[in-house]
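Note on naming: letters A, B, ... go to the chains in the order of the sequence lines (proteins, then strands), and numbering restarts at 1 for each one. Quick caveat, the model's predicted, so the values are computed rather than measured.
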Amino acid sequence: MAKVLTSKEENYAQWYNDLVLKSGLAENSAVRGCMVIKPYGYAIWEKMKEELDRMFKATGHENAYFPLFIPKSFFSKEAEHVEGFAKECAVVTHYRLKTDEVNGGLMVDPDAKLEEELIVRPTSETIIWSTYKNWVQSYRDLPILINQWANVVRWEMRTRLFLRTTEFLWQEGHTAHATQKEAEDETMQMVNIYADFSERFLGIPVLVGSKTESEKFAGAVETLTIEALMQDGKALQGGTSHFLGQNFAKAFDVKFTNREGKLDHVWATSWGMTTRMIGALIMAHSDNHGLVLPPRVAPIQVVIVPIYRGNDELPPISEVANKIKDQLTTLGVSVKFDDRDTQKPGWKFAEYELKGVPVRLAIGPRDIQNGTVELARRDTLEKKVMPQEGIASYIKNLLEEIQEGIYRKAFDFRSDSTHRVDTWDELVDVLNNKGGFALAHWDGTRESEDKIKETKATIRCILLDAEQEEGKCIVSGKPSKQRVVIAKAY
RNA sequence: CGGGGUAUAGCGCAGUCCGGUUAGCGCACCUGCUUUGGGAGCAGGGGGUCGGGAGUUCGAAUCUCUCUACCCCGACCA
């Protein structure tokens, strides 16, 4: 096979980039740091969206939409929030262009300067909480359980396709509650939804934990996260779910009368997952032949490739192919019959491998004679000849098996890449030589955390379900009750 | 924002040091024939303001100045 991808072993970052481009998921655009998501990549996003949306609605959330622009003054209301986002905001200062009489072309009309600049949202807490203020007077108005599908802009220094782009797509949930407990439960519920989605749908095992003080969301009391492990041993933060306490309610003066007739500030959460998860999906499962997509997110689950010479051989093949396609469609499987005569079979095999289609069927004259098809699995690259009879239900089951197999493989990789370390030297050894997650005792101080950061790794999270054990901080030697997860990350 | 690099056909590159025919090569594209069970072969063909601007020169992809864009490495981040 012609080599179109740089191998993972040769250069992992290059492999990733090649893969995104060659498989047709996305490409860089004319705009710095912004990508074009191509149809195949967008189809994956639509699948993810569809499933997440279903999960949100099943837990009582509704979709709404808030403005792209946020008045600058809104940002200054929550101190930590400003601090966190001010450095990466795109700002609208004018509302009109005019012809440049001197240099030709267009120029910003200096007479069209805005009274107050508008920020292109990097996240919507501020505009949403300024709105919620008008929606809440009584505990009867609570909870508010809203999600929005949107694009946001963060002016990052360096960008990478899907992993970090200036503009990205995401969903952001913003809920308001009458009690602390209810908001905390919501925060927990949503991080668990992300974990479930990631594992069951994307086939990516995740650790669920809380962020340290220094790593949490700007303006949050607590940030819960899901952390996944990529094949190069680096961690990637998936979704995050924030317990915002009463911070935003206080900043935007959102008060309500509770059951006891007393005035109180509303309790808040926010949670989000982004197109970055497509990057995680790619890096978690794919190989040197291309993407490996779990069946549940694959836009095409089965592709049928006819093999024929001359137009006489095609009709009987098409007949069988269409029959199998219909059977699969009835079972809810998405199928593409690629009968283009502009590409050869070998070309198509390579192409669908690159695109990560889970199951490929090849049907040629031999199969017509014998009543068979050739079935190839993308995840294991196994091929075998199967009878046409009963192939649809076989594939239906096989897709489940593949979904499970992909998850299992990622899970085993993570297990093999998770190391308990008890000394500083062991930590450095894991980070520099082995990669993956290091589980280590930490004394909970900022000083020790900063020391860990000098290795270029960070504390990814404090596991929610970690076992309690006596230990000593690998930095300070001070006592610690449980281990935290340390890794280099994207 | 610091350090390094790049800009020549849709993509990837050579040519630039040392100025001089009509700016090449691979892939892709188009036409024809032969092919089709793992990215086909042969023949023919199309496609370029050499990133923009200014300068030096008889002559600039090549030298000088300038602007712009992008990439890589760091600090920031989902």
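- Between R360(A) and E351(A) there is no salt bridge, since no side-chain N of the basic residue sits under 4.0 Å from a carboxylate O of the acidic one.
- E374(A) comes within 4.0 angstrom of a base, heavy atoms only.
- As a whole-Å value, the separation of R460(A) CZ from C77(B) P is 11 Å.
- The partner of C77(B) cannot be assigned: no Watson-Crick or G-U wobble pair with both contacts below 3.5 Å exists in any strand.
- Between the CG atom of L21(A) and the C1' atom of C27(B) there is a distance of 16 Å, rounded to whole Å.
- Base pairing analysis places C29(B) opposite G45(B); the two distances defining the Watson-Crick or G-U wobble pair are each below 3.5 Å.
- Looking at heavy-atom distances under 4.0 Å, T166(A) makes no contact with the nucleic acid at all.
- At a cut-off of 3.5 Å, with distance as the only test, a side-chain donor of E172(A) or H174(A) sits close to an acceptor on the other residue.
- Mapping R366(A) and E215(A) onto RNA chain B via the closest heavy atom, the residue that lands nearer the 5' end is R366(A).
- Within 4.0 Å of L163(A), counting heavy atoms only, lies at least one base atom of the nucleic acid.
- Pairing for G59(B) is absent, judged as Watson-Crick or G-U wobble with the two contacts each under 3.5 Å.
- Closest-nucleotide positions on RNA chain B for T275(A) and I368(A) were compared, and the one nearer the 5' end corresponds to I368(A).
- Contacts of R360(A) with the nucleic acid, taken as non-hydrogen atoms under 4.0 Å apart, include base atoms.
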### Message
Let's go through F85(A) and R154(A) carefully: what are the C-alpha distance in whole Å and the side-chain angles of both, what is the deciding distance for side-chain contact (heavy atoms from CB on, under 4.5 Å) to 0.1 Å, and is it a yes or a no?
### Response
CA-CA 8 Å; F85(A) 287 103; R154(A) 295 182 189 176; 3.6 Å; yes

What N/O pairs connect the protein and nucleotides 8-12 of chain B at under 3.5 Å? Give each pair on its own line.
none

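- Between K77(A) and E125(A), no side-chain nitrogen of the basic residue sits less than 4.0 Å from a carboxylate oxygen of the acidic one, so the salt-bridge criterion is not met.
- The distance between atom NZ of K348(A) and atom C1' of G39(B), rounded to the nearest whole Å, is 13 Å.
- Comparing the C1' positions of A9(B) and C25(B) gives an interatomic distance of 12 Å, to the nearest angstrom.
- Rounded to a whole angstrom, the distance from the C1' atom of C18(B) to that of U35(B) is 50 Å.
- When rounded to the nearest whole Å, the span between CD1 of I363(A) and C1' of U36(B) equals 16 Å.
- At a threshold of 4.0 angstrom between heavy atoms, the contacts of D367(A) include nucleobase atoms, whether or not backbone atoms are also involved.
- Across all strands shown, U6(B) forms a Watson-Crick or G-U wobble pair with A69(B), both key distances being under 3.5 Å.
- If you check U16(B) for Watson-Crick or wobble pairing at under 3.5 angstrom, you find it has no partner at all.
- When each of F74(A), F248(A), W129(A) is paired with H81(A), the ring-ring contact (aromatic ring centres under 6.0 Å, His included) condition holds for F248(A) and for no other.
- The gap from the P atom of G12(B) to that of G3(B) amounts to 27 Å, rounded to the nearest Å.
- For the C1' atoms, the distance linking G39(B) with C77(B) amounts to 39 Å, nearest Å.
- Using a 4.0 Å heavy-atom criterion, one finds that K383(A) contacts the bases of the nucleic acid, with or without backbone contacts as well.
- Remark: the Q343(A) side chain and the G39(B) base include no donor-acceptor N/O pair separated by less than 3.5 Å.
- In this structure, the CG atom of L361(A) is 16 Å from the C1' atom of G38(B), given to the nearest Å.
- Taking atom C1' on both G19(B) and A60(B), the two are 6 Å apart, rounded to the nearest angstrom.
- Atom NZ of K323(A) has 12 or fewer neighbouring heavy atoms from other residues, nucleotides or ligands inside a 6.0 Å radius.
- Salt bridge annotation for K453(A)-E215(A): present, with a cationic side-chain nitrogen under 4.0 angstrom from a carboxylate oxygen.
- Cation-pi geometry between K325(A) and F337(A) is not met at under 6.0 angstrom from the ring centre and within 45 degrees of the axis.
- Within the shown strands, A54(B) is the pairing partner of U64(B) under the Watson-Crick or G-U definition, both distances less than 3.5 Å.
- For E80(A) and C77(B), the CD to P distance is 13 Å, given to the nearest whole Å.
- Here, A7(B) and G52(B) have their P atoms 13 Å apart, quoted to the whole Å.
- As a whole-Å value, the separation of R378(A) CZ from G38(B) C1' is 13 Å.
- Between K49(A) and D53(A), no side-chain nitrogen of the basic residue sits less than 4.0 Å from a carboxylate oxygen of the acidic one, so the salt-bridge criterion is not met.
- The gap from the P atom of G44(B) to that of G26(B) amounts to 13 Å, rounded to the nearest Å.
- Looking at heavy-atom distances under 4.0 Å, G238(A) makes contact with sugar-phosphate atoms alone, never a base.
- Atom CG of L161(A) is separated from atom C1' of C71(B) by 13 Å (rounded to the nearest Å).
- Salt bridge status for E454(A) with K451(A): present, with a side-chain N to carboxylate O gap under 4.0 Å.
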### Task
Evaluate salt bridge (Lys or Arg N to Asp or Glu O under 4.0 Å) for R378(A) paired with D287(A), printing each intermediate quantity in order.
CA-CA 10 Å; R378(A) 178 62 186 90; D287(A) 61 24; 2.7 Å; yes

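- Comparing the C1' positions of A14(B) and C50(B) gives a spacing of 13 Å, expressed to the nearest Å.
- Nearest approach of V430(A) to A438(A), heavy atoms of both residues: CG1-CB, 4.1 Å.
- Counting only heavy atoms from C-beta on, E353(A) has its side chain closest to G38(B) among G39(B), G38(B), G37(B).
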Check: protein-nucleotides 74-76 of chain B nitrogen or oxygen pairs below 3.5 Å:
| from | atom 1 | to | atom 2 | distance (Å) |
| --- | --- | --- | --- | --- |
| C76(B) | O2 | E156(A) | OE1 | 3.3 |

